[in-house]
Amino acid sequence: MRILHTIPFFLPAVQYGGPLQQIGMLAPRLVARGHTVRVVTSDLGIGPDLPRSQWIERDGYHVWYHPAPRLVGNMAPYWLPGVERPLQKALEDADIVQTHLAFTYVNTVLRRLSSECGVPYIYTPRSTLDPVRLQQRRFAKRAFKALFEADVVRGAAAIHCLNDAEVDHVVRYGGDRGRCRVIPNACALAERDDWPDAAAFHAATGVPHDRPMILYLGRLQSIKGLDLLVDAFARLRDRHADALLVVAGPDEGGGAIVRRHAARHRLGDAVRLVGTLKGDVKLAALRAADVFVLTSYSEGMPNAALESLAAGTPCVLTPACHLPSVERCGAGYVVRPDPVEIASALDRVLIEQRRPNPMRKGARDLAVAQFAPDPVVTRIEAVYAETVAEHR
């Protein structure tokens with residue numbers, strides 16, 4: 001099949017989070033199975049070195065980086081004037097399109113052009129229709145829905161949801177439940193057996209290696225529940241006075257929340273903000289942690305949690321992470337977004353880590369069984385084939 005993806009930003013702009021990394025992981029695997037894959041995106045965050053407005057090969061697939069106007073193109077709906085031309089050319093040579101994220105200018109263009117070219121598209125909101133997220137810039141989103149997004153959802157031949165909760169979000173937004181297909185994110189680290197030593201993280205950051213370590217890794221945003229995390233950690237210190245909370249990731253306003261709550265509880269250097277971790281240092285951090293924590297108010301399916309499971313690190317998550325199997329498989333706990341409950345769960349994991357326990361094995365086994373890339377690619381491939389066959 002000839003597969004086209006559209007997304008408002010793409011690799012190497014890793015600062016935009018999980019969706020683009022999912023495409024970058026799955027596209028080469030689709031190519032290896034004999035498919036042709038293209039991606040139409042913007043040049044947001046990619047740096048000056050990559051060419052614009054031409055097809056560039058990347059790991060066997062091709063990417064078109066369209067110039068985004070700097071004043072209005074760097075925020076939703078990521079306006080890309082002139083993207084119609086390369087998008088139409090790509091559609092003329094495509095069997096199926098998958099569009100990622102809601103409230104984008106490319107979606108509105110794609111809906112019209114795909115109809116004209118007779119190519120079906122799969123709509124993938126990736127948690128952007130979560131009611132919590134819809135409250136952010138809610139008046140602008142309501143207007144965009146009325147003018148554009150409702151038609152985009154209704155026009156989709158299929159809708160890719162990450163979990164059952166997202167199906168409900170799509171239906172509330174006007175989508176057809178019968179068109180929804182639930183396929184989780186994949187985690188490439190589930191295939192990995194050779195991991196860097198935890199010492200690489202400690203050497204790079206100066207974080208002591210002889211103290212219990214709680215790790216948050218992700219973008220520092222208010223929606224990630226960083227206020228809950230620091231408040232829970234303050235309670236935990238009553239029983240684990242030597243514990244450290246390490247907060248890693250690009251700061252998008254959440255760093256101030258961490259510092260404010262840490263100062264309120266007088267936590268001092270027990271809370272360490274270490275910035276963005278990359279490469280082996282990031283992998284070493286996942287291995288160094290005694291527990292990974294994500295107390296988010298809204299998620300699709302968080303890549304960082306999947307990576308932590310793949311590293312064999314137990315997790316403490318909120319229900320918004322949509323990973324109930326973590327608790328069922330003995331790989332951690334899923335608790336309400338409440339500091340008391342979060343602190344209690346962290347306490348239980350840290351106590352378990354003092355003796356040989358199956359939590360690390362449970363985490364690793366869960367990642368391999370449910371989130372390894374190849375089974376996920378097979379399911380996505382089947383949705384592509386089904387959608388193309390029905391359209392024909």
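These figures come from a predicted structure and were not determined experimentally.
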Undergrad: Does this structure show an ion pair linking Glu352 with Arg348, if we count only N-O contacts that are shorter than 4.0 Å?
TA: no
Undergrad: Please name all residues satisfying side-chain hydrogen bond (donor to acceptor under 3.5 Å, both in side chains) with Asp151, sequence neighbours left out, ordered by chain then number.
TA: Arg154
Undergrad: Can you list everything that forms a side-chain contact (heavy atoms from CB on, under 4.5 Å) with Ala363? Sequence neighbours excluded, please.
TA: Leu309, Ala331
Undergrad: Hydrophobic cluster mates of Val182, side-chain heavy atoms under 4.5 angstrom, ILVMFWY only, any path?
TA: Val167, Val171
Undergrad: Going by ring-ring contact (aromatic ring centres under 6.0 Å, His included), name the residues that satisfy it together with Tyr384, two or more places apart in sequence or in a different chain.
TA: none
Undergrad: Check side-chain hydrogen bond (donor to acceptor under 3.5 Å, both in side chains) between Arg70 and all other residues, then give those that pass, not counting sequence neighbours.
TA: Asp43
Undergrad: Got a list of side-chain donor-acceptor pairs under 3.5 Å for residues 16-32, not counting sequence neighbours?
TA:
residue, atom, partner, partner atom, Å
Gln21, NE2, Gly17, O, 3.2
Gln22, OE1, Ala186, N, 3.0
Gln22, NE2, Ala186, O, 2.8
Gln22, NE2, Asn303, OD1, 3.1
Arg29, NH1, Met25, O, 2.9
Arg29, NH2, Glu191, OE1, 2.7

Undergrad: Below 4.0 angstrom, N of the basic side chain to O of the carboxylate: do Arg287 and Asp197 qualify?
TA: no
Undergrad: Are Leu101 and Met301 linked, directly or through other ILVMFWY residues, by side chains that come within less than 4.5 angstrom of each other?
TA: no
Undergrad: Per the salt bridge (Lys or Arg N to Asp or Glu O under 4.0 Å) rule, what does the pair list look like for residues 1-23, sequence neighbours excluded?
TA: Arg2-Asp93, Arg2-Asp95
Undergrad: If you measure from the Lys or Arg side-chain nitrogens to the Asp or Glu carboxylate oxygens, is any gap between Arg181 and Glu386 under 4.0 Å?
TA: yes
Undergrad: Can you list everything that forms a side-chain contact (heavy atoms from CB on, under 4.5 Å) with Arg235? Sequence neighbours excluded, please.
TA: Pro339, Val340, Ala343
Undergrad: Could you pull out all residues at least two apart from Thr36 that satisfy side-chain hydrogen bond (donor to acceptor under 3.5 Å, both in side chains)?
TA: none
Undergrad: So, using side-chain contact (heavy atoms from CB on, under 4.5 Å) as the criterion, who are the partners of Thr108 when residues are at least two apart?
TA: Tyr105, Phe144, Phe148
Undergrad: Restricting to side-chain hydrogen bond (donor to acceptor under 3.5 Å, both in side chains), what partner residues turn up for Ser296, sequence neighbours left out?
TA: Glu299
Undergrad: Listed by chain and number, what are the side-chain contact (heavy atoms from CB on, under 4.5 Å) partners of Thr276, not counting sequence neighbours?
TA: Pro250, Lys278
